[in-house]
A.B. asks: 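Once you've had a glance at the structure underneath, I'll fire off some questions.
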Amino acid sequence: MDYTRPNHVPTADELAAAERSENRGLIAFAVLVIVATLFAALAFGSHIAG
C-alpha cells in the first residue's frame, strides 16, 4: 500500500509485484526455519551420540 498516494488504485502489475514480494518473504522465512531445525537436529544428535 502506497500511503503517499491515498487515491492511487494499484495496477495489475503493482498487485502482482506486491504478491511476489510477500511470497518471497514467506519463502525466505520457511527456508530459515528449515535450516535452523536441521542445524538444531544435527547439533542435538551429535551431542547425544558424543
Side-chain angles (χ1 to χ4, degrees):
M1 178 71 186
D2 189 349
Y3 293 105
T4 59
R5 297 181 290 174
N7 296 323
H8 174 67
V9 177
T11 64
D13 287 341
E14 287 175 321
L15 288 172
E19 191 173 313
R20 273 196 305 275
S21 67
E22 186 175 316
N23 287 346
R24 191 176 305 128
L26 290 172
I27 290 168
F29 178 72
V31 169
L32 183 67
V33 167
I34 291 167
V35 169
T37 303
L38 288 173
F39 181 76
L42 288 171
F44 189 66
S46 65
H47 177 72
I48 291 175

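When a residue number appears, it is its place in the shown sequence, counting from 1.
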A.B. asks: Side-chain atoms of residues 18-39: list all donor-acceptor pairs with protein atoms under 3.5 Å, sequence neighbours left out, distances to 0.1 Å.
C.D. replies:
from	atom 1	to	atom 2	distance (Å)
Ser21	OG	Ala17	O	3.4
Ser21	OG	Ala18	O	2.9
Thr37	OG1	Val33	O	2.7

A.B. asks: Could you list the cluster mates of Leu15? Members are the ILVMFWY residues connected by side-chain heavy atoms closer than 4.5 Å, either directly or through other members.
C.D. replies: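 Grouped by the 4.5 Å side-chain rule, Leu15 forms a cluster of one, so the answer is none.
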A.B. asks: Using every non-hydrogen atom in the two residues, find where His8 and Pro10 come nearest and quote the distance to one decimal.
C.D. replies: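 Heavy atoms of His8 and Pro10 come nearest at O-CD, 3.6 Å.
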